[in-house]
Amino acid sequence: MTAGKRLAVTAACMLLLVACANDATTSDNDETAGALPSEAVEIMESAPYTTARWPYLVVDPETDEVIYSSEADKRMLLASQTKHFVVGTVYEDLGVDRTITTPVYATVAPSGGTLAGDLVLVGSGDLALGGRGAAEGEFNFATDGIDHVYADALPGAVLAPGDPLAGLNDLARQVASAGVDRIDGDVVVDTRLWDTYSTVEGLVPSIFVNDNLVDIQASPGSPGTSATIEMLPGNGLFALDSQVTTGDADSDSTLTVEADAVDSNLIRVRGSVPAGKTSLTVFRITDAESWARQLFVEALQRNGVAVSSTSRVNNVASLPASDSYQDALRIASLESAPLRQSGSMILATSYNTGANTFLCLLAVESGSSNCKDGLPTVRALADEAGVPAADLVIMDGQGGDPSSATPQAIVTWLKWVSDQSWADTFWAGQPILGERGSLVGVGVDSAAKGAVVGKTGTSADVEPVSGRLVVNLQALSGYLDVGDGRRLLFVVGVMGAVFPDLPRGVFQVGGDVGMVAAALQQAQLNSP
């Protein structure tokens, strides 16, 4: 999917399987399992799904008893369920307590407060760079709305918590404390740790400031008047050209942003926003090096370090050889939160760029600067977990199509994960029905609230002519807490549903799949 328009999907269940209300709902190739609860059947047979398919599998991992099953041995799209495998592999290979150090080097020793050479900020793959509460060892994400990383795709997004410039300010203070009050060379950002990875979600460099997003926040006036537009974080790299009006309170936000065709540093903001409510969208950075450089220069200046260079472009030609940095000239560094923290956000919010960054970290660990070289590590661990190669296809970190797996493969992986030393961290990071992450708004009044824990996945496209949402896959996989300390592993998904438009469709299909899982949990609650 393209940035801001692609959605991740998790797949499906054959409607034929639920056609007979009280019979085992299996196809010719499915193993016989119990009849689905009527609450699940009602959803599966409702109007949006009359031509859709519903694969599913529910297993007791203690006994390997198959409780519900349909098409469990047939591959379906994985979408963001892929993050089960990628995050789990990072936890196994790099460790949940691993941190990332982002250093700053001088190319020559400062003298008399002046650095005659360059100051180099070396990108190391830290997704927050001091933001999101990293100073407290955390990686916080929005819990009172959709995190801003999806603000250009879904309504209701809010700013990420914490100061996105906190890390750069910390580094700048360290530079000043090292006795540097003037830089006569340049300030440069080095992102050569890996080759910037191009994905369907956008570019994945080794440097991130504010998730490499410019937040565009619109505060409405009275209907018919202009809205007030704010760029966050404020910076000297971009300027705004805003023509945004205020609509009625019940209208939808139509904010759009794009770079000017002539001046790429001019962001054009157009559209309208509803009265009485702040609206948020984002502009995605395509030159992360220049973005980080500009914000670092401004942080240095705020902390009393003068910078002679007036450039707004990162001069990669001036970078020293990547193996030439000297420990004696490292004058600042920033430690990330443990990977357990960023992994938790990736799982909870389905953060695609974060998952792709994790893939890049695996590649670097293997000695490669090509992010796709992280895939063999994921594949090898899946083999170790007993997942057959034919049952699992992974294309990237986030789960871009045609990443796919059988429900049985997913359950096999989840069962293996549950026996690992980092299992509690893995499960604690997952969305929770009615309480956390991408399931926070699903089943809030359900008896199953808090008892369905699992990763969502979405793959969908918008039909160009009609604007309808075509769901390739919406799925959910994880565990059902059925009481007495028992957890049932499950996968449930739907493929082929069509909805009138994107906003209504993406929320309805996610809710329906979540409530099918809730029905399965309730049917097995306290069962022997």
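Every value quoted in this text rests on a predicted model; they were computed, and no experiment measured them.
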Using modelled atom types and a 3.5 Å cut-off, is there a donor and acceptor pairing between side-chain atoms of [X] and backbone atoms of [Y]?
{"X": "D190", "Y": "R192", "answer": "yes"}
{"X": "D248", "Y": "S251", "answer": "no"}
{"X": "T191", "Y": "V189", "answer": "no"}
{"X": "S403", "Y": "M395", "answer": "yes"}
{"X": "E335", "Y": "T99", "answer": "no"}
{"X": "W194", "Y": "V204", "answer": "yes"}
{"X": "D147", "Y": "A142", "answer": "yes"}
{"X": "R270", "Y": "D241", "answer": "yes"}
{"X": "R436", "Y": "A348", "answer": "no"}

Could you check whether [Y] and [X], counting side-chain N and O atoms only, form a donor-acceptor pair closer than 3.5 Å?
{"X": "K455", "Y": "S438", "value": "no"}
{"X": "N314", "Y": "E289", "value": "no"}
{"X": "S272", "Y": "T245", "value": "no"}

What's the separation between atom [atom1] in [X] and atom [atom2] in [Y], rounded to the nearest 0.5 Å?
{"X": "H84", "Y": "Q430", "atom1": "NE2", "atom2": "CD", "answer": "5.0 Å"}
{"X": "H148", "Y": "D215", "atom1": "NE2", "atom2": "CG", "answer": "5.5 Å"}
{"X": "D186", "Y": "L119", "atom1": "CG", "atom2": "CG", "answer": "9.5 Å"}
{"X": "I207", "Y": "L121", "atom1": "CD1", "atom2": "CG", "answer": "4.5 Å"}
{"X": "F296", "Y": "L171", "atom1": "CZ", "atom2": "CG", "answer": "5.5 Å"}
{"X": "S242", "Y": "I229", "atom1": "OG", "atom2": "CD1", "answer": "4.0 Å"}

- [ ] Have a look at L439 and tell me which of T456, V444, V513 forms a side-chain contact (heavy atoms from CB on, under 4.5 Å) with it.
- [x] T456
Minimum heavy-atom distance [X]-[Y], with the two atoms named:
{"X": "L502", "Y": "A153", "result": "CD2-O, 3.9 Å"}
{"X": "L359", "Y": "G374", "result": "CD1-C, 3.6 Å"}
{"X": "L476", "Y": "F490", "result": "O-CE1, 3.5 Å"}
{"X": "V471", "Y": "A460", "result": "CA-CB, 4.2 Å"}
{"X": "V209", "Y": "P164", "result": "CG1-O, 3.9 Å"}
{"X": "I100", "Y": "D126", "result": "CG2-N, 4.1 Å"}

Taking the side chain as every heavy atom from C-beta outward, state whether [X] and [Y] have any pair of such atoms under 4.5 Å apart.
{"X": "V494", "Y": "D512", "answer": "no"}
{"X": "P161", "Y": "R132", "answer": "yes"}
{"X": "M76", "Y": "M495", "answer": "yes"}
{"X": "R284", "Y": "E201", "answer": "yes"}
{"X": "Q81", "Y": "V491", "answer": "yes"}
{"X": "V104", "Y": "Q174", "answer": "no"}
{"X": "V417", "Y": "W422", "answer": "yes"}
{"X": "V149", "Y": "L213", "answer": "yes"}

TODO: Fit a plane to each ring of F238 and W291, take the angle between them on a 0 to 90° scale, and name the class: parallel (under 30°), tilted (30 to 60°) or perpendicular (over 60°).
DONE: tilted
Open item on the list: Is the ring pair F426/Y91 parallel, tilted or perpendicular, if the boundaries are 30 and 60 degrees?
Closed with: perpendicular
Open item on the list: Looking only at the aromatic ring of each residue, does the gap between the centers of F141 and Y351 stay below 6.0 angstrom?
Closed with: no
Task: Working for side-chain contact (heavy atoms from CB on, under 4.5 Å), residues Y150 and N352 - done: CA-CA 10 Å; Y150 288 123; N352 289 339; 3.3 Å; yes
Open item on the list: Applying side-chain contact (heavy atoms from CB on, under 4.5 Å) to D481 and V453, what does each step give before you reach the verdict?
Closed with: CA-CA 8 Å; D481 184 340; V453 177; over 6 Å; no
Task: Derivation of the side-chain contact (heavy atoms from CB on, under 4.5 Å) call for D461 and N472 - done: CA-CA 8 Å; D461 287 290; N472 305 315; 3.2 Å; yes
- [ ] List for me each residue that meets side-chain contact (heavy atoms from CB on, under 4.5 Å) alongside S311, sequence neighbours excluded, and say none if there are none.
- [x] R293, S309, V313
Open item on the list: The test is side-chain contact (heavy atoms from CB on, under 4.5 Å); show your working for L361 and V90 and say whether it passes.
Closed with: CA-CA 8 Å; L361 292 174; V90 166; 5.6 Å; no
Task: side chain to side chain donor-acceptor pair (under 3.5 Å) partner of Q398, the single match among T357, T353, T82, N356 - done: N356
TODO: Report the C-alpha separation of K372 and D396 in whole Å, then their side-chain angles, then the decisive distance to 0.1 Å, and conclude whether the salt bridge (charged side-chain N to carboxylate O under 4.0 Å, His left out) test is met.
DONE: CA-CA 7 Å; K372 285 190 176 294; D396 54 20; over 6 Å; no
